Asker: 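After the structure tokens below, expect a handful of questions from me.
Note that ligands are numbered from 1 as they come in the structure, with each ligand's atoms numbered from 1 the same way. Throughout, numbering of the chain's residues begins at 1 and tracks the sequence. The model shown is predicted, which means the values in this text are computed figures rather than measured ones.
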Amino acid sequence: MSEAVSAAQRRKSRFVYAVAAISALGGMLFGYDIGVISGALLFIKKDFALSPFLQGVVVSALLVGAATGALIGGNLSDRFGRRRLLIVAAIVFIVGAIGSGLSTSTGMLIAARFVLGLAVGGASLVVPLYIAELAPPKVRGALVSLNQFMITVGILVAYLVNNALASYGAWRWMLALAAVPAILLGVGMLFLPETPRWLVSHHLFDKARSVLGRTRQEHQVEDELREISSIEEQERREARGWGELVQPWVRPMLIVGVGLAIIQQITGINTIIYFAPSLLNKTGLGASAAIFDTVGIGIVNVLMTIVALALLDRVGRRPLLLAGLAGMVVSVALLGLVYMLPTLKGAIGYAALFFIMAYVACFAFSLGPGVWLMISEIYPLKVRGSAMSLATIALWLTNVVVALTFLSMIDALGATATFWLYAGIGILAWIFIYFLVPETKGRSLEEIEAELRERTGRPGK
Ligand code: BGC
């Protein structure tokens, strides 16, 4: 290969990585905003004299906002473009972060957290979609999962900020600091392009060709443009939008996507991400030790996500999902067992911490990145926005249910039974993935779609 060609190629991959990194700031905001509240809440509840119920409302206002953001985000991004939606999301992030930092009443705080949720939900949907549509197939897994990596970084940064500001009780700063990455996201997106797939679906072929020219090797540009156009034209002849979602050939993938989204949440990851300090506290660890250990959990989460980035495009999505979920089931079952041994005091705290970390590690290399990745790549172009929307809504609603029920389940059933219930759900989820989820590694989004059409007897190319 001549030097000029390889220099051009290097420039292109740098560009693709920059695109992924900037848009993944949306993931960082997602992580920060869910991670920060556990620490901030300890102070807010005193300042605003919040009842336990109102504390729950403050936490879940963001999750309900996120489900709403996912509901409207898909359609808007199909209509106005992925890029524009992310710019709007950045502005909403800024308003929500500053608004929650300046809240003078519980009502204002709940409203600001809801607004923030709209941006979290919109970004959680559109960032993976945006990256998936811009990335070359060979590295799509790693690039889309950069978003999940940034989610875990956001959670870790939030835990660290909580730790650092806790002694000042500075909850307003904890919440308002999220405006910083939001500004970076907004400004960064102004310089990034729209995706070729969205451009083609809006007949902007020259622009699509030029974006492909910046992200693909010379000889791939025309082929890929043809491939996108042919799928696009085929879809044009068919119904579109939400109506399309109920068509028989889309249905199997709809079940897979929504199923995966529910599985990511119902297997219990956020019982740990939101409540780890109180869980550890229960085992006899002191409050500050518990908060400190939470930072350790955040670090494991980040590190194992890096492992996933390296493996998703090599071993494939399915093996990682199946292995990770199996590990989660075993760890959570053992965690349940630990809570049966209340007499072991100190040691029991560390055993619990160990299994919690093992559980988070297994999630981080499988369901964490894998689910967001797969729901961004298994849907046909025309319905991609709305179908991903549906999966993402399901994900956030399940998130709300877990967040609202977990503590009362522990009260009613005890920790052991609760964790064993999660282990049982994990086994069912494993069976679902084993039988229904296809492999998508290394194939273009159009190839995946063409295969799905054939499988369901709708070739029509
Ligand atoms: C999930 C979040 C979770 C986070 C933990 C994300 O993929 O959607 O609910 O808190 O991973 O890293």
Side-chain angles (χ1 to χ4, degrees), residues 24 26-39 59-60 62-67 69-70 117 120-129 131 141 144-160 257-277 279 294-309 312 317 320-321 324-325 328 332 356-376 388 391-404 406 422 429:
M28 180 170 181
L29 283 156
F30 167 165
Y32 187 88
D33 285 317
I34 59 172
V36 78
I37 198 67
S38 61
V59 173
S60 32
L62 179 123
L63 307 177
V64 175
V120 170
S124 72
L125 164 75
V126 178
V127 174
L129 185 61
I131 304 178
V144 174
S145 303
L146 207 62
N147 188 51
Q148 172 69 18
F149 170 71
M150 294 292 266
I151 294 175
T152 62
V153 170
I155 294 174
L156 178 61
V157 170
Y159 287 168
L160 289 169
V258 171
L260 280 172
I262 292 176
I263 285 173
Q264 195 207 45
Q265 295 298 317
I266 208 166
T267 44
I269 183 61
N270 287 317
T271 62
I272 306 297
I273 300 294
Y274 303 160
F275 303 111
L279 280 175
T294 308
V295 173
I297 293 172
I299 293 175
V300 168
N301 195 13
V302 172
L303 292 181
M304 292 309 283
T305 305
I306 298 178
V307 172
L309 294 194
L312 276 165
R317 289 52 161 151
L320 286 181
L321 288 177
L325 188 49
M328 287 169 70
V332 86
I356 286 177
M357 284 191 171
Y359 170 84
V360 170
C362 291
F363 172 86
F365 79 78
S366 62
L367 292 185
V371 168
W372 287 111
L373 173 59
M374 294 203 73
I375 62 177
S376 75
M388 230 193 125
T392 312
I393 296 166
L395 190 146
W396 284 108
L397 289 179
T398 317
N399 195 329
V400 179
V401 171
V402 170
L404 286 180
F406 179 63
Y422 277 108

Asker: Which ligand 1 atoms are under 4.0 Å away from a heavy-atom of W372?
Answerer: 6 (C), 7 (O), 8 (O)
Asker: Using side-chain contact (heavy atoms from CB on, under 4.5 Å), reason through F365 and T305 one step at a time and then give a plain yes or no.
Answerer: CA-CA 5 Å; F365 79 78; T305 305; over 6 Å; no
Asker: Using side-chain heavy atoms (C-beta onward) and a distance below 4.5 Å, is V307 in contact with L303?
Answerer: no
Asker: Any nitrogen or oxygen of Q148, side chain or backbone, less than 3.5 Å from one on ligand 1?
Answerer: yes
Asker: Would you indicate whether the side-chain heavy atoms of Y32 and I37 approach each other to under 4.5 Å?
Answerer: no
Asker: Are side-chain heavy atoms of I269 and L367 found at a separation under 4.5 Å?
Answerer: no
Asker: Quick one: do V401 and F406 satisfy side-chain contact (heavy atoms from CB on, under 4.5 Å)? Show the steps, please.
Answerer: CA-CA 8 Å; V401 171; F406 179 63; over 6 Å; no
Asker: Could you identify the single nearest non-hydrogen protein atom to atom 5 (C) of ligand 1 and state the distance to 0.1 Å?
Answerer: I155 CD1, 3.6 Å
Asker: Which of the atoms of ligand 1 are close to N399, meaning less than 4.0 Å from one of its heavy atoms?
Answerer: 9 (O)
Asker: Distance from L125 atom CG to M388 atom CE, nearest 0.5 Å?
Answerer: 5.0 Å
Asker: Using distance alone, with no hydrogens and no angle criterion, decide if W372 and T392 have a side-chain donor and acceptor under 3.5 Å apart.
Answerer: no
Asker: Identify, by atom number and element, the atoms of ligand 1 in contact range of I34, meaning under 4.0 Å from any of its heavy atoms.
Answerer: 10 (O)
Asker: Looking only at heavy atoms of F363, does any of them come nearer than 4.0 Å to an atom of ligand 1?
Answerer: yes
Asker: Suppose I only count heavy atoms of Q265 and a 4.0 Å limit; which atoms of ligand 1 are within that range?
Answerer: 1 (C), 2 (C), 8 (O), 9 (O)
Asker: Classify the side-chain pair Y274/N399 by whether it contains a donor and acceptor separated by less than 3.5 Å.
Answerer: yes
Asker: Considering only non-hydrogen protein atoms, determine which one is nearest to atom 1 (C) of ligand 1 and report residue, atom name and distance to 0.1 Å.
Answerer: Q264 OE1, 3.5 Å
Asker: Please classify the N301 to ligand 1 contact at 4.0 Å (heavy-atom distances, strictly less than): side chain, backbone, both or neither.
Answerer: side chain
Asker: So which of L367, I272, N270, V360 gets nearest to atom 3 (C) of ligand 1, if we judge by its closest heavy atom?
Answerer: N270
Asker: What atoms in ligand 1 come closer than 4.0 Å to a heavy atom of T152?
Answerer: 12 (O)
